[in-house]
Each structure stands twice: as structure tokens, then as C-alpha cells.
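Order of appearance sets the numbers: ligands from 1, and atoms from 1 within every ligand. No hydrogens, no waters, no symmetry mates; every other heavy atom, side chains included, goes into these values.
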Amino acid sequence: MTIKLAVLGHPIRHSRSPDIHHAFAARLGLAVRYDAIDVPPGEFASQVAALQAEGYRGLNVTLPFKEEAFALADTHTDRALQAEAVNTLSYDASADHWVGDNTDGEGMVFDLTSLRGWRLAGARILVLGAGGAVRGVLGPLLAAQPQAVVVANRTVSKAENLVAAFATVAQEHGCTLNAGGFTDVQGHFDLIINGTSASLSAEVPPLPSAVIKPDTCIYDMMYGAEETAFNAWAAAAGARRRSDGLGMLIGQAAESFAQWTGQRPDVRGVLAQLRGQ
Ligand code: NDP
């Protein structure tokens with residue numbers, strides 16, 4: 001029987017999720033239909049109900065519906081509760097309810113550690129941005145037990161609010177967690193993660209370039225055919241190790257796919273396949 005899955009967003013035209021999930025399914029010999037559905041604002045809940053009636057059992061959720069998906073879910077995983085946003089809905093037919101999860105952070109940590117081989121335990125990490133993506137990844141990032149995390153954002157109060165919300169989690173993992181603005185950033189970082197959407201408009205947050213050292217690992221959550229604006233800037237400042245966020249996208253998709261099908265897909269193979277396209 002074909003497993004019916006979909007991603008809901010607005011806009012959704014450029015989503016790579018159907019390619020990723022179909023590639024997972026092909027490698028595992030599973031019959032999967034994965035649709036990209038453009039949902040007009042205000043119609044998210046009715047669209048989910050219609051898909052449930054049509055036999056869809058797994059849904060990914062992207063901008064701008066992650067908070068609505070959180071509100072719609074009947075139960076939540078711990079990481080969804082931490083993120084206050086849901087990117088994965090799984091229909092539990094026996095209980096007739098939707099389970100909400102957030103796999104973004106797991107996807108990013110998998111990419112950083114398993115695919116890139118970058119060490120997070122004991123690391124000093126600078127995270128740029130304080131929007132939905134950063135909120136989604138902070139829990140799994142702190143769980144990897146870095147020594148220190150600094151969250152810097154254009155609107156400093158948003159970074160401060162995020163840091164306050166995750167203070168206890170940071171403490172549990174023995175990590176110091178601080179907030180600030182871009183121009184205040186100083187010191188040495190092993191890893192800098194760009195979780196702002198500045199690269200979408202080819203902009204770069206105004207960080208002092210002195211924070212970039214040749215051995216600083218650079219990770220931009222954005223991805224594309226060309227090197228992102230942030231990674232190009234970091235390269236010009238001397239950073240040798242850089243990655244975009246395509247591995248994170250495939251990593252989060254793999255977590256969702258495993259929940260829906262009970263089978264763990266080949267992330268490395270699919271990443272190589274998509275990079276080759
Ligand atoms: P949000 O709209 O929730 O947040 C945007 C963030 O970017 C805010 O912190 C905002 O600052 C900051 N920002 C926007 N424009 C600029 C600018 N010109 N200069 C500096 N800072 C800026 O977006 P998301 O958090 O959902 O997404 C952020 C990025 O992460 C996007 O590029 C998205 O594509 C990527 N992403 C990648 C994923 C993956 O799987 N690879 C998954 C999810 C997201 P302020 O608060 O001041 O407005």
C-alpha cells in the first residue's frame with residue numbers, strides 16, 4: 001500500500017522535500033507518495049483535516065505554519081514543546097490524533113557531527129539569529145554539551161528572550177548561554193551557525209570579521225546552488241571549513257521519514273545525490 005505523505009507551506013514551489021523523501025523511499029524500496037501542497041493563509045487546519053480524510057499519515061510543515069501546527073497537534077514530543085513549533089505531524093490512527101514533533105535540531109546536529117565530523121561537546125558556539133529556526137535547534141544543540149553558546153541577533157531583545165527560555169536547559173547540560181547584538185560579539189568560537197534569514201537577500205549580519213579564524217567552522221542554515229552570502233563572507237575572512245544547511249534539511253527529513261515508515265533512510269547517499277543535481 002502506498003504511504004501518503006506531504007509538506008505544507010506557503011510558498012512551497014521551491015521545496016526540495018518531495019525529491020528527498022522520494023529518494024529515501026526509492027533506496028528502501030518503499031511505495032511513497034509525497035506531495036508539496038501550497039496552503040493559503042487561514043486554511044492550514046482545514047487542509048490537514050482534508051488530508052487526514054484522504055489517508056495521509058505524515059505531514060511536514062514549513063513556513064509560515066510551524067506555530068499553527070504546534071497548536072493543532074493533540075500531543076507533542078519534548079523537543080516540539082521546547083521549540084514551541086512543529087515541523088512533523090504523524091497521524092496516530094488508533095488514538096485518532098496528530099502527534100507534533102520538531103526534527104530541525106536533530107537534523108542540524110546530525111549534519112554537524114555525523115556528516116561533517118565537527119565536535120560540539122566542549123565547543124564554544126556563536127549562533128546568529130533568534131527566529132523560529134534558532135528556537136528549533138537550541139535544545140538539541142545544548143544537549144550536545146557545548147561549553148558556551150552565545151546567541152546574537154539584530155533585535156537583541158529577541159535573543160535575550162530566547163536565552164531566558166533556554167536558561168534551565170543550558171544549566172542542565174553545563175553550558176553557559178548568553179545573548180547580545182552582532183557588533184558586540186568578541187572572543188574565539190569553534191563554530192559559528194548562521195540561523196538568520198539574511199542570506200536569503202544576500203546580506204551578511206554585521207559581525208566583526210576578527211571573530212573568524214582559519215579553524216572556525218562555519219555553518220549557514222540556508223542552502224542553494226551557489227555558496228551563501230554568509231559563507232562567502234566567512235571564506236573571504238579566512239574560514240577554511242564551511243557548510244550550508246542542505247545536510248540539515250535532509251537530516252530533519254530523515255527523522256520524519258523514520259517516524260512515518262519505521263525505516264531509517266540513507267542520508268549520506270541522498271545528500272550526495274542532491275548535491276550532484
Ligand atoms: P524567522 O523569520 O523566524 O527569523 C529570521 C531571523 O533572521 C531573525 O532572527 C531576524 O532578526 C534575522 N534577520 C532577518 N533578516 C536579517 C538581516 N538582513 N540581517 C540580520 N538578521 C536578519 O526565520 P527562520 O528562523 O524560520 O529561518 C532562518 C533561516 O534558517 C532561513 O534562511 C531558513 O531558510 C533557514 N532554515 C533552514 C532549515 C534547514 O533545514 N536547512 C530549516 C529551517 C530554517 P530580527 O529578529 O531582528 O528580525
For atom 32 (O) of ligand 1, the option (of L63, V137, T196) bearing the nearest heavy atom: T196
Checking the N or O distance criterion of under 3.5 Å, is ligand 1 in contact with M221? yes
Among protein heavy atoms, which lies nearest atom 42 (C) of ligand 1, and at what distance? M248 CE, 3.8 Å
Atom 37 (C) of ligand 1 touched by protein (heavy atom, under 4.0 Å): yes
For the rings on H76 and F70, is their centre-to-centre separation under 6.0 Å? yes
Begin from the C-alpha positions of Y34 and K4 and carry the test side-chain contact (heavy atoms from CB on, under 4.5 Å) through to its verdict. CA-CA 6 Å; Y34 189 105; K4 289 166 87 175; over 6 Å; no
Check whether any N or O atom of S201, backbone or side chain, sits under 3.5 Å from an N or O atom of ligand 1, and answer yes or no. no
Can you list the atoms of ligand 1 that are under 4.0 Å from a heavy atom of Y223? 41 (N)
Atom 34 (O) of ligand 1: the protein heavy-atom neighbour that sits closest, reported with distance to 0.1 Å: M222 CG, 4.4 Å
re atom 4 (O) of ligand 1, the protein heavy-atom contact at minimum distance is G131 CA, 3.5 Å
Examine R154 against ligand 1 and note whether any of their N/O atoms are separated by less than 3.5 Å. yes
For atom 28 (C) of ligand 1, what is the nearest protein heavy atom, given as residue, atom name and distance? G195 O, 3.3 Å
Taking the six-membered ring for Trp, are W260 and F257 closer than 6.0 Å centroid to centroid? no
Which atom names give the shortest non-hydrogen contact between N194 and P205, and what distance separates them? OD1-CG, 4.3 Å
Give yes if a backbone or side-chain nitrogen or oxygen of Q252 is under 3.5 Å from a nitrogen or oxygen of ligand 1, and no if not. no
Please report the interatomic distance OG1(T168) to NE2(H173), rounded to the nearest 0.5 Å. 11.0 Å
If I apply the N/O under 3.5 Å rule, does E203 come out as touching ligand 1? yes
Taking the six-membered ring of Y91 (Phe, Tyr or Trp), confirm whether the NZ or CZ of R57 is under 6.0 Å from its centre and within 45° of its axis. no
Between A234 and I212, which heavy-atom pair has the shortest distance, and what is it? O-CG2, 3.9 Å
Flag atom 19 (N) of ligand 1 as yes if some protein heavy-atom distance to it falls below 4.0 Å, otherwise no. yes
Measure from the side-chain N and O atoms of D74 to the backbone N and O of W98, and report whether any donor-acceptor pair falls under 3.5 Å. yes
Contacting atoms of ligand 1, where contact means under 4.0 angstrom from a heavy atom of A130: 9 (O)
Check the pair Q263 / L30 against side-chain contact (heavy atoms from CB on, under 4.5 Å), numbers first and verdict last. CA-CA 10 Å; Q263 300 208 42; L30 294 175; 3.5 Å; yes
Any donor and acceptor pair, going by atom type alone, linking the side chain of T103 with main-chain N or O of Q252 inside 3.5 Å? yes
Is the closest side-chain donor-acceptor distance between S94 and D92 under 3.5 Å? yes
What protein heavy atom lies closest to atom 45 (P) of ligand 1? Include the residue and the distance to one decimal. T155 OG1, 3.5 Å
Taking all non-hydrogen atoms of both residues, which atom of V86 and which atom of N102 are closest, and how far apart? N-ND2, 4.3 Å
Close-contact set for ligand 1 against F182 heavy atoms, below 4.0 Å: 20 (C)
Minimum non-hydrogen distance to atom 7 (O) of ligand 1, winning option of S197, G132, G105: S197
Taking N or O atoms only and a 3.5 Å limit, does A133 qualify as a polar contact for ligand 1? yes
Going by the atom numbers of ligand 1, which of them fall below 4.0 Å from some non-hydrogen atom of G129? 9 (O)
Hey, is atom 23 (O) of ligand 1 under 4.0 Å from any protein heavy atom? no
Result for side-chain hydrogen bond (donor to acceptor under 3.5 Å, both in side chains) between N60 and one of S256, S17, S15 points to S256
min-distance protein heavy atom vs atom 8 (C) of ligand 1 -> N153 OD1, 3.9 Å
